[in-house]
2 protein chains.
Amino acid sequence: MKEKISKNSRVSLSEVARAAGVSKMTASRVLRGEGGYSEKTRDKVMEKVDQLGYLPNRLATVFAGDQSSTFVGVSIPDLGNEVFAQVLEGIDRKLGSFGRQTVLGLTQHTQQEEENWIRTVLSWQPAGLILTGRYHSPRATEMLRNAGIPIVEIWDLNSSPLDMSVGINHFDSGFDMGRYLMSCGYSNIGYVGTSHDTANAATTRLDGFCKAVEGGGGRVVKQLCLHDTATYYPGFYGTEQLLASGSGVECIFYQNDAMAFGGLQYCASKGMQVPQDIGIAGWGDLPIASVIARRLTSMHVPHLKLGQAAAEMMIGRLSDEPVEPCRDIGFRLIPGTTVRNSA
Amino acid sequence: MKEKISKNSRVSLSEVARAAGVSKMTASRVLRGEGGYSEKTRDKVMEKVDQLGYLPNRLATVFAGDQSSTFVGVSIPDLGNEVFAQVLEGIDRKLGSFGRQTVLGLTQHTQQEEENWIRTVLSWQPAGLILTGRYHSPRATEMLRNAGIPIVEIWDLNSSPLDMSVGINHFDSGFDMGRYLMSCGYSNIGYVGTSHDTANAATTRLDGFCKAVEGGGGRVVKQLCLHDTATYYPGFYGTEQLLASGSGVECIFYQNDAMAFGGLQYCASKGMQVPQDIGIAGWGDLPIASVIARRLTSMHVPHLKLGQAAAEMMIGRLSDEPVEPCRDIGFRLIPGTTVRNSA
DNA sequence: AAGCTTTAAGTTACCCGTAACGTAAGTATG
DNA sequence: CATACTTACGTTACGGGTAACTTAAAGCTT
């Protein structure tokens, strides 16, 4: 029984050919519609294909080196963050419409996980790779350089990418938010986010934010949750800790909208009014950001479009079309009503 | 140039072997740690492996039929729904920890997309498949039966699965919600959801819901958004349409929490008080469900756990361990405070 | 009808790694 | 010292499909 489940149970092209009374090669030609066979032969072969339920083994084709695979490896830090889920959706939908498949890798924000995943996925001879972030381990970078396949680094716009890059300038987006909050009259501002071993887009954003605030004479009090995912609950508890520290912040900027929601909820539970008692600003502009009566102050990023753009660059490169190696997908500040009005 | 990018640029085992002055077979043994070689030989080979940056071609290994692939195909309707994103995260994390890779397929809630994806992914000789839902096209079902690989159908608990199944009983969960809302004193109840060509878990839930409400003497007014994704905006507009129809519903049950948030937002925008003027109930219990001051009435489902369980069943089967073919992951009603108190 | 072209096939070699088998040394045993 | 055994390799064949080449038959030309 267990033997039957192994692959020898699958019908091969030779079996189809034998059943149809032709050679393997003729059957192959029929299946690829290459021409060079009679109608009678085609019908005979196709009949047997249906009858035996033959499915081609793409492994063999790719392995033989005649064509590249249809796999594209896609690494994403985590899906708990709705933002990345949407990016992935954009990528997979677009890739799928061009007959390509996504091989997923969740790297949990660590370079080691990413490196391991890259090693594994490369051994499957993917057509290309789409990676989140610009920071890779030295060994990963070496493997990527040697791979000789198209690579798109997304999320964090990279002016000197390994190959191609699409995303936004996170430093600038943080800077713009900092400047905006300063313009609203805040100067003692908190930041709540997560913290990981390696640099990432969120830290770049924070850098830009601090530069704007501190450059404008304000100060930033940080509250970082170590090794946590940037979701609702850490936002709640991070806010609690930040406010308990007695730093007297008037406004809090969060790593993303989900964390900002956590913060809003904490404030509501303590009877604090937003924005009268405290200002709240998120980042990412989730669709759900308008669920609260007041529109969440945030930074809009076209997530789905970003994913699609990444897939398009990949497809373009795989089709040998000329591709602009860097694409800025842009962002837009949502003033919202959860911070004091700047007017 | 273009030639270089093709696979002949990749270092093969033969090249490593030649460089190390041994046969292919010896190099292979060293890399697999199989034994049968001297320390000197091992060092020589490993040195060349590092030097040349050799990466094994797993395609060849699998192709040779010596072992099955490490791919597991995973089909998910869409990632716009946070629920499925979490399920996928649970699956991929667990699979990854056992050295398996997810090949993703977003089927957009259509059987045709699913069938196409199944055909493609099977041609890559996956070790197994994890599919969302129990309804597949006839041709898909046939391919799945012939594939001879483990298959886990998730989400919708299936007492007679193709192979294995893990999920919840959606009919019962809808029924329980219906009974709860009736117990709160509602009898004229609305439902807002999406509608697709084929049956799915949401329609099963609605069936259970109707049975409870209508069986208890109430009535259900349905508002279905055709071919839409079950997210925030359709919830908003679906609510608008339902209320404009003049059906006078006192309470609305939504296909999921995201849609319920849209409904909440619509009600807030019209100055309606929840639950005084209208009751709101969601389904799925997203973490963010507590962001509103009042806890959203909902149905809790352990999404991440569901994904993990699916992956565990797959791994178990692939390791020839005995696996219980059906697993009910359970649900739990969250009374919340967005419907009238039943007390 | 002989010679040429076209059509419809078949044959061979190859991709890369591994199972199975072969072999030549060295080691142990009686 | 002959025999059996172990170690450390090498050699051959194979998997499923396709490129490149070969071949046989049919069709066409003059």
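Just so you know, these numbers come straight off a predicted model, no measurement behind them.
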Closer to the 5' end of DNA chain D via nearest nucleotide, is it B:T61 or B:E39?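 Looking at DNA chain D, the more 5' nearest nucleotide goes with B:E39.
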
Considering only heavy atoms from C-beta outward, does the side chain of A:F84 approach that of A:L88 to under 4.5 Å?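 They are not in contact (no side-chain heavy atoms under 4.5 Å apart), so the answer is no.
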
Please lay out, stage by stage, how A:L122 and A:I149 fare under the test side chain to side chain contact (heavy atoms under 4.5 Å, CB included). CA-CA 10 Å; A:L122 279 180; A:I149 54 174; 3.8 Å; yes

Pair B:V166, B:E312 - check side chain to side chain contact (heavy atoms under 4.5 Å, CB included), show working. CA-CA 10 Å; B:V166 54; B:E312 274 162 12; over 6 Å; no

Length of the line joining [X]:[atom1] and [N]:[atom2], which is rounded to integer Å:
| X | N | atom1 | atom2 | answer |
| --- | --- | --- | --- | --- |
| B:K40 | D:dT7 | NZ | C1' | 14 Å |
| A:Q125 | C:dC16 | CD | P | 9 Å |
| A:Q67 | D:dG16 | CD | P | 18 Å |
| A:E15 | D:dG15 | CD | C1' | 12 Å |
| A:R58 | D:dT18 | CZ | P | 9 Å |
| B:R18 | D:dC9 | CZ | P | 19 Å |
| B:Y37 | C:dT18 | OH | P | 13 Å |
| B:R42 | D:dC9 | CZ | P | 12 Å |

Per [X] side chain, nearest of listed nucleotides [options]:
| X | options | result |
| --- | --- | --- |
| A:A60 | C:dG10, D:dG17, C:dT18 | D:dG17 |
| A:E34 | D:dG17, D:dA19, C:dG17 | D:dA19 |
| A:S38 | C:dA9, D:dG17, D:dG15 | C:dA9 |

Look at A:T41 and C:dA9 and indicate whether a side-chain polar atom (N or O) is within less than 4.0 Å of OP1 or OP2.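 Answer yes for this pair, as a side-chain N or O of A:T41 is under 4.0 Å from OP1 or OP2.
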
Walk me through it: do B:L162 and B:T141 pass the test side chain to side chain contact (heavy atoms under 4.5 Å, CB included)? CA-CA 8 Å; B:L162 282 164; B:T141 307; 4.1 Å; yes

Selection: residues 23-30 of chain A, any non-hydrogen atom under 4.0 Å of DNA chain C: A:S23, A:M25, A:T26, A:R29

Give a yes or no on this: more than 12 heavy atoms of other residues, nucleotides or ligands lie within 6.0 Å of atom CD of A:E39. no

Can you tell me how far OG1 of B:T61 sits from CZ of B:R32, rounded to the nearest 0.5 angstrom?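 Rounded to the nearest 0.5 Å, the CZ-OG1 separation comes to 8.5 Å.
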
For the residue pair A:F63 and B:F63, categorise the inter-ring angle as parallel (less than 30°), tilted (30 to 60°) or perpendicular (more than 60°).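 Aromatic pair A:F63/B:F63 classed tilted.
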
